[in-house]
Asks: 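Just dropping this structure here.
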Amino acid sequence: MPTLIQDSQSLLELVQRIAPVAPTCAIDTEADSLHRYKESLCLIQLSAGGENVLIDPLAIDDMQPFAEYLCACEVWMHGADYDMTMIRREYGKLPPVVWDTQIGARLLGLRKFGLSDLVEHWFGVTLVKTSQKADWGKRPMTPTMLEYAINDVVYLLPMGECIVEELLDLGRYDWFVQSCEAARKKILERDENREEAWRINGSGRLNPRGLAYLRALWQWRDAEAASWDKPSFMVVNNKQMIEWADLLAQDMTISLPRHLQRPERLRRYEKALASAAALSDEELPEKIKAPRRKKDSAFEKAVDAIIQKRDAAATALNIDPSLLIARSVAESLAAGEMQPADCLLPWQIEQLNL
């Protein structure tokens with residue numbers, strides 16, 4: 001059974017042991033986003049100074065010593081975007097350096113880069129992933145959950161050593177540095193309080209009346225999810241909301257699923273729709289107009305030239321072409337909307353000869 005730290009004194013003693021000898025650590029996190037309206041950081045897995053431990057932030061009153069340690073050292077993670085998001089949200093900052101084993105593996109040309117794939121690739125160990133969708137906010141956690149959790153971190157530091165060694169051999173270590181720095185910067189710059197978060201993917205096809213219904217549905221769903229203390233997708237998913245908004249804008253009726261047909265829920269739903277229906281044309285949200293792009297033969301030729309250059313370089317390097325440039329970015333460059341330095345890393349510009 002892995003060590004589980006559940007009180008402030010034990011956490012302080014851990015930090016005092018590892019801080020002087022471990023300026024580099026590896027972490028993973030578990031949250032309850034699949035089970036709660038407002039996700040919480042429920043578990044931190046730590047590997048540092050020869051110790052592999054689990055930290056329970058839900059049980060510990062004072063996490064500050066650990067936050068100070070974490071945000072002063074180099075940290076290895078796997079698929080770090082979500083973990084960095086949780087850390088920034090919890091502590092208001094990030095470690096000065098974050099290395100992502102997933103990024104490193106992709107730069108090496110590995111096509112299977114899930115954690116279990118990489119552990120098997122480098123160490124020949126098959127991880128059991130039975131607790132991926134567990135409710136990490138529940139206490140006590142089961143022995144199976146704890147074993148699953150610790151396995152997500154114990155291999156990260158030695159894996160990092162393998163990745164760095166192979167990247168250096170291939171002359172790609174600088175690519176790794178640039179890519180990890182860019183990923184960290186992206187998290188720091190991300191706006192988590194967008195005023196129009198309801199403009200979800202696919203909403204661009206709705207007319208202004210449809211957008212009004214979508215906004216009302218979003219606000220209604222958010223309130224329902226909060227009252228249930230469940231994730232919003234358990235009320236209704238984004239795709240369904242857009243379909244409903246489109247139908248409502250055409251004065252068509254929709255059939256609600258059974259879990260929304262309880263009288264009090266139905267009243268709140270109808271009130272939300274009535275508020276959108278009562279808006280005058282002047283009060284409707286505006287469609288966001290994307291800049292018009294002249295897609296003539298010259299444009300298509302320029303895009304094809306970048307994509308051909310990308311695919312040839314990716315084949316020669318044996319990496320996924322998307323690591324060099326996404327098609328949407330190639331189109332922006334071809335249209336003259338951006339310059340390479342605005343949207344690409346130095347190593348990508350060099351390999352694409354842009």
Asks: Does Asp32 pair with Lys138 as a salt bridge, N-O distance under 4.0 Å?
Replies: no

Asks: Search all heavy atoms of Leu247 against all heavy atoms of Ile254 and return the closest pair with its distance.
Replies: CD1-CG2, 3.6 Å

Asks: Answer yes or no: is there a side-chain heavy-atom contact under 4.5 Å between Leu156 and Trp99?
Replies: no

Asks: Looking only at heavy atoms, which two atoms of Ile5 and Leu11 are closest? And how far apart?
Replies: CG2-N, 3.6 Å

Asks: Donor-acceptor check, side chain of Lys93 to backbone of Cys71, threshold 3.5 angstrom: yes or no?
Replies: no

Asks: Decide, yes or no, whether a salt bridge links Glu166 with Arg172 under the criterion of side-chain N to carboxylate O below 4.0 Å.
Replies: no

Asks: Quick one, Ile150 and Leu54 - any side-chain contact, counting heavy atoms below 4.5 Å?
Replies: yes

Asks: Do Glu39 and Met86 come within less than 4.5 Å of each other through their side chains, counting heavy atoms only?
Replies: yes

Asks: From Gln308 CD over to Arg310 CZ, what is the distance, rounded to the nearest 0.5 angstrom?
Replies: 11.0 Å

Asks: Checking Thr142 side chain against Met145 main chain: does a donor-acceptor pair fall under 3.5 Å?
Replies: yes

Asks: Evaluate the side-chain proximity of Glu51 to Leu14: yes if any heavy-atom separation is below 4.5 Å, no if none is.
Replies: yes

Asks: Starting from Ile103, can I reach Ile187 by hopping between I/L/V/M/F/W/Y residues whose side chains sit under 4.5 Å apart?
Replies: no

Asks: Kindly give the heavy-atom pair with the smallest separation between Lys287 and Gly204, and that separation in Å.
Replies: NZ-O, 2.6 Å

Asks: I'd like to know if the side chain of Thr101 and the backbone of Met77 have a donor-acceptor N/O pair within less than 3.5 Å.
Replies: yes

Asks: Check the surroundings of atom CD in Gln250: do more than 12 heavy atoms from other residues, nucleotides or ligands lie under 6.0 Å from it?
Replies: yes

Asks: Which residues satisfy the side chain to side chain contact (heavy atoms under 4.5 Å, CB included) test with Ala272, sequence neighbours excluded?
Replies: Trp220

Asks: Is there a salt bridge (charged side-chain N to carboxylate O under 4.0 Å, His left out) between Asp135 and Arg36? Walk through the geometry before answering.
Replies: CA-CA 9 Å; Asp135 185 351; Arg36 304 285 182 276; 3.0 Å; yes

Asks: Determine, for Asp320 against Arg106, whether the closest basic-nitrogen to carboxylate-oxygen distance falls under 4.0 angstrom.
Replies: yes

Asks: Please assess Leu41 against Tyr91 for the test side chain to side chain contact (heavy atoms under 4.5 Å, CB included), listing each intermediate value before the final yes or no.
Replies: CA-CA 11 Å; Leu41 179 61; Tyr91 305 126; 4.2 Å; yes

Asks: Please tell me if the side chains of Asp222 and Val235 come closer than 4.5 Å, counting only heavy atoms from C-beta onward.
Replies: no

Asks: Is there a path from Leu256 to Met252 through hydrophobic residues (I, L, V, M, F, W, Y) whose side chains come within less than 4.5 Å of each other?
Replies: yes

Asks: For residues Met159 and Val98: do they belong to one hydrophobic cluster (side chain heavy atoms under 4.5 Å, members Ile, Leu, Val, Met, Phe, Trp, Tyr)?
Replies: no

Asks: Do Arg190 and Arg88 pass the side chain to side chain contact (heavy atoms under 4.5 Å, CB included) test, and can you show the C-alpha distance, the side-chain angles, and the key distance before you say yes or no?
Replies: CA-CA 10 Å; Arg190 181 179 291 163; Arg88 182 197 174 198; 4.3 Å; yes

Asks: Are Val75 and Thr24 packed together at the side-chain level, in the sense that at least one heavy-atom pair is separated by less than 4.5 angstrom?
Replies: no

Asks: Salt-bridge test for Arg199 and Glu196: reply yes if a basic N is under 4.0 Å from a carboxylate O, no otherwise.
Replies: yes

Asks: Taking atom CG of Asp342 as the centre, report whether more than 12 heavy atoms of other residues, nucleotides or ligands fall under 6.0 Å from it.
Replies: yes

Asks: Should Asn237 and Met241 count as side-chain neighbours, where that means a heavy-atom distance under 4.5 Å?
Replies: no

Asks: Test of understanding: clusters of I, L, V, M, F, W, Y form through side-chain heavy atoms closer than 4.5 Å, transitively. Do Val53 and Leu58 belong to the same one?
Replies: no

Asks: Is the closest side-chain heavy-atom distance between Ile60 and Ile55 below 4.5 Å?
Replies: yes

Asks: Testing Arg17, Gln16, Gln9 one by one against Glu13 for a side chain to side chain donor-acceptor pair (under 3.5 Å), which residue passes?
Replies: Gln9

Asks: Is the closest side-chain donor-acceptor distance between Gln351 and Trp347 under 3.5 Å?
Replies: no

Asks: Is it the case that the ring center of Tyr155 lies less than 6.0 angstrom away from the ring center of Trp122?
Replies: no

Asks: Examine the side chains of Tyr213 and Asp246 and answer whether a donor and an acceptor come within less than 3.5 Å of each other.
Replies: no

Asks: Looking at His35 and Lys133, would you say the former's side chain and the latter's main chain have a donor-acceptor pair under 3.5 Å?
Replies: yes

Asks: Tell me yes or no: between the side chains of Ser131 and Trp136, is some donor less than 3.5 Å from an acceptor?
Replies: no

Asks: Does either side chain, that of Glu30 or that of Gln45, offer a donor lying less than 3.5 Å from an acceptor on the other one?
Replies: yes

Asks: Looking at Arg205, I'd like to know if its CZ atom is crowded, meaning that more than 12 non-hydrogen atoms belonging to other residues, nucleotides or ligands lie closer than 6.0 Å.
Replies: yes

Asks: Indicate the atoms forming the closest heavy-atom contact of Gln178 with Pro346, along with that distance.
Replies: OE1-CD, 3.2 Å

Asks: So, are Glu331 and Arg327 salt-bridged, with charged N and O less than 4.0 Å apart?
Replies: yes

Asks: Going from CD1 on Ile325 to CG on Leu333, what distance comes out if it is rounded to the nearest 0.5 angstrom?
Replies: 5.0 Å

Asks: Please determine whether a side-chain nitrogen of the Lys or Arg among Arg139 and Asp56 lies less than 4.0 Å from a carboxylate oxygen of the Asp or Glu.
Replies: yes

Asks: If you group Ile, Leu, Val, Met, Phe, Trp and Tyr by side-chain heavy-atom gaps below 4.5 Å, do Phe233 and Leu214 land in one group?
Replies: no

Asks: What's the spacing between Ile27 CD1 and Ile44 CD1 if we round to 0.5 Å?
Replies: 6.5 Å

Asks: Do Trp198 and Gln219 meet the criterion of a side-chain donor-acceptor pair at a distance under 3.5 Å?
Replies: no

Asks: Asp100 and Trp76: side chain to side chain contact (heavy atoms under 4.5 Å, CB included), yes or no, with the steps?
Replies: CA-CA 6 Å; Asp100 190 335; Trp76 281 88; over 6 Å; no

Asks: Where is the tightest heavy-atom contact between Ala313 and Leu324, given as atom of each residue plus distance?
Replies: CB-CD1, 3.8 Å

Asks: Taking the side chain from Ser10 and the backbone from Gln6, do they hold a donor-acceptor pair closer than 3.5 Å?
Replies: no

Asks: Output the distance between atom CG (Leu43) and atom CG (Asp152), rounded to the nearest 0.5 Å.
Replies: 10.0 Å

Asks: Between Arg221 and Val236, what is the shortest heavy-atom contact and its length?
Replies: NH1-O, 2.8 Å

Asks: Name each donor-acceptor pair under 3.5 Å that joins a side chain in residues 276-283 to protein atoms two or more places apart or in another chain, with its distance.
Replies:
from   : atom 1 : to     : atom 2 : distance (Å)
Ser280 : OG     : Glu282 : OE1    : 3.4
Ser280 : OG     : Glu283 : N      : 3.4
Ser280 : OG     : Glu283 : OE1    : 3.2
Asp281 : OD1    : Arg209 : NH2    : 3.4
Glu283 : OE1    : Ser280 : N      : 2.8

Asks: May I have the step-by-step check of side chain to side chain contact (heavy atoms under 4.5 Å, CB included) for Lys271 and Arg268, ending in yes or no?
Replies: CA-CA 5 Å; Lys271 183 178 179 180; Arg268 292 192 292 267; 5.6 Å; no

Asks: What's the spacing between Asn52 CG and Ser47 OG if we round to 0.5 Å?
Replies: 4.0 Å

Asks: What distance do His78 atom NE2 and Phe113 atom CZ have between them, rounded to the nearest 0.5 Å?
Replies: 8.0 Å

Asks: Among residues at least two apart in sequence or on other chains, which ones pass side-chain hydrogen bond (donor to acceptor under 3.5 Å, both in side chains) with Trp218?
Replies: none

